[in-house]
Amino acid sequence: MAKNVVIISASNRVSSNSDALAGAFAKGAEESGDNVTYISLRGKKIAFCLGCLACQKTGTCVIKDDAVEIEKQVVNADVVVWATPIYYYEMPGQMKTLIDRLNPMYPKDCRFRDIYFLTSAAEEDPETPKRAIAGLQGWIDCFEKAELKGTVFCGGVNDPGEIAGNAKLSEAYEMGRNVK
């Protein structure tokens, strides 16, 4: 049965390395029959959470910007994929801001169960995405039925498109093909 896969790319760069990982995952998922929605945060207007908690009572955020539509896509996804560069050993601010703005989802019965995390960085040390994974895990832990199913990290890539030909693209593709 086809899954609804939502891929959120947190990179602000055109032709970014994490976008390439997202594209490879998407291609694998589409080729295996899944429905893929790709959301780039580039150019989106996403304000900081106000911390008012009105969303916990109303089910919607009081701020009307691009985060509202993204939240609707994520709530109805079977699979959520985050693709991001690693900045200073952490997720970038635009990703964290969106995670904070997904607060209206907490009391809802979200469909997603499986979360994947695709990262790239100039730094090559395999421990580089560790803090970003921990930050994402904090979000995942708020959803009892969800779990982090897989990660791909491609280190040693800095300039846009530098990931071309890297074996991590095949790994992301296979991960996408094997979403079940």
Side-chain angles (χ1 to χ4, degrees), residues 4-23 25-26 29 35-123 128-149 151-153 158 160 172:
N4 290 318
V5 178
V6 171
I7 300 175
I8 302 169
S9 173
S11 180
N12 281 323
R13 274 201 223 179
V14 174
S15 302
S16 77
N17 297 304
S18 58
D19 272 345
L21 289 170
F25 189 104
N35 303 309
V36 176
T37 300
Y38 180 86
I39 300 168
S40 173
L41 299 186
R42 186 181 322 109
K44 296 281 193 266
K45 302 292 186 225
I46 302 173
F48 294 121
C49 177
L50 299 174
C52 67
L53 298 178
C55 63
Q56 299 300 293
K57 296 176 188 97
T58 66
T60 61
C61 185
V62 298
I63 303 169
K64 302 304 176 208
D65 61 10
D66 292 325
V68 175
E69 184 56 38
I70 294 170
E71 185 251 333
K72 289 177 188 172
Q73 298 280 338
V74 174
V75 165
N76 293 309
D78 296 306
V79 176
V80 179
V81 182
W82 293 88
T84 187
I86 299 295
Y87 296 157
Y88 300 103
Y89 300 91
E90 213 1 312
M91 69 179 74
Q94 57 271 24
M95 181 174 163
K96 178 62 170 103
T97 298
L98 177 62
I99 286 173
D100 290 347
R101 287 293 304 290
L102 295 178
N103 201 42
M105 294 173 36
Y106 297 145
K108 296 178 182 175
D109 186 22
C110 301
R111 284 180 45 188
F112 62 85
R113 301 295 179 258
D114 300 342
I115 313 292
Y116 294 88
F117 197 35
L118 313 172
T119 59
S120 64
E123 177 64 46
T128 299
K130 186 177 177 181
R131 291 181 209 150
I133 292 168
L136 180 63
Q137 189 64 56
W139 177 74
I140 295 168
D141 288 347
C142 292
F143 303 98
E144 291 179 15
K145 299 174 187 173
E147 70 176 295
L148 182 61
K149 295 294 267 190
T151 65
V152 174
F153 169 64
N158 187 44

Check: Given Ser11 and Asp19, is the side-chain hydrogen bond (donor to acceptor under 3.5 Å, both in side chains) satisfied, shown in steps?
Finding: CA-CA 7 Å; Ser11 180; Asp19 272 345; 4.9 Å; no
Item checked: Whether over 12 other heavy atoms sit under 6.0 Å from Arg42 CZ -> yes
Next item on the list: Specify the closest pair of heavy atoms between Val6 and Ala77, including all atoms of both residues, with the distance to one decimal.
Entry: CG2-CB, 3.5 Å
Check: Can you tell me if Asp66 uses its side chain to pair, donor with acceptor, with the backbone of Lys45 under 3.5 Å?
Finding: yes
Notebook entry, point to check: side-chain contact (heavy atoms from CB on, under 4.5 Å) between Thr128 and Tyr89: does it pass, once the steps are laid out?
Noted result: CA-CA 6 Å; Thr128 299; Tyr89 300 91; 4.0 Å; yes
Check: Between Trp139 and Phe117, does the ring centroid distance fall short of 6.0 Å?
Finding: no
Checklist line | Atom pair CZ/OH of Arg131 and Tyr88 - distance to nearest 0.5 Å | finding: 13.0 Å
Margin query: The criterion is side-chain contact (heavy atoms from CB on, under 4.5 Å); which residues satisfy it with Ala20, sequence neighbours excluded?
Written below: Ile163, Leu169
Next item on the list: Identify the two heavy atoms, one from Leu21 and one from Thr119, that lie closest to each other, and give their separation to 0.1 Å.
Entry: CD1-O, 3.3 Å
Check: What is the minimum heavy-atom distance between Phe112 and Met105, and which atoms define it?
Finding: CE2-CE, 3.4 Å
Item checked: side-chain contact (heavy atoms from CB on, under 4.5 Å) between Val68 and Thr60, worked out -> CA-CA 8 Å; Val68 175; Thr60 61; 6.0 Å; no
Notebook entry, point to check: Who passes side-chain contact (heavy atoms from CB on, under 4.5 Å) against Phe48, sequence neighbours left out?
Noted result: Thr97
Margin query: Can a donor-acceptor pair be found, under 3.5 Å and without considering hydrogens, that links the side chain of Arg101 to the backbone of Ile63?
Written below: yes
Check: Residues two or more places apart in sequence or in another chain: which of them pass side-chain contact (heavy atoms from CB on, under 4.5 Å) with Lys57?
Finding: none
Next item on the list: May I have all residue pairs that pass side-chain hydrogen bond (donor to acceptor under 3.5 Å, both in side chains) and include part of residues 67-81, sequence neighbours excluded?
Entry: Glu69-Gln73, Glu71-Lys108, Asp78-Arg111
Note to self: Quick check: closest heavy atoms across Phe143 and Cys110, and the distance to 0.1 Å?
What the structure shows: CE2-SG, 3.9 Å
Notebook entry, point to check: Got a second to check how far Ile133's CD1 is from Trp82's CH2, nearest 0.5 Å?
Noted result: 14.5 Å
Item checked: Over all atoms of both residues, closest heavy-atom pair of Pro160 and Val14 -> CB-O, 3.8 Å
Checklist line | Pairs where residues 58-78 contributes a residue and the test ring-ring contact (aromatic ring centres under 6.0 Å, His included) is met, not counting sequence neighbours | finding: none
Notebook entry, point to check: Rounded to the nearest 0.5 Å, how far apart are CD of Glu90 and CG of Leu136?
Noted result: 10.0 Å
Notebook entry, point to check: Under 3.5 Å, is there a donor-acceptor pair between the side chain of Asp65 and the main chain of Ala47?
Noted result: yes
Notebook entry, point to check: So among Thr37, Val81, Asp114, which one has a side-chain contact (heavy atoms from CB on, under 4.5 Å) with Val5?
Noted result: Val81
Note to self: To the closest 0.5 Å, what do you measure between CG (Asp109) and CD (Glu144)?
What the structure shows: 10.0 Å
Notebook entry, point to check: Can you tell me how far the CD atom of Gln94 sits from the CG atom of Leu98, to the nearest 0.5 Å?
Noted result: 10.0 Å
Check: How many angstroms lie between atom CD1 of Ile115 and atom NZ of Lys149, to the nearest 0.5 angstrom?
Finding: 10.5 Å
Note to self: Among residues at least two apart in sequence or on other chains, which ones pass side-chain contact (heavy atoms from CB on, under 4.5 Å) with Asn103?
What the structure shows: Leu53, Cys55, Gln56, Tyr106
Checklist line | Name of the residue among Ser16, Ser18, Pro129 meeting side-chain contact (heavy atoms from CB on, under 4.5 Å) with Ser120 | finding: Ser18
Item checked: Heavy-atom closest contact (Lys44 atom, Ile39 atom, distance) -> CE-CG2, 4.3 Å
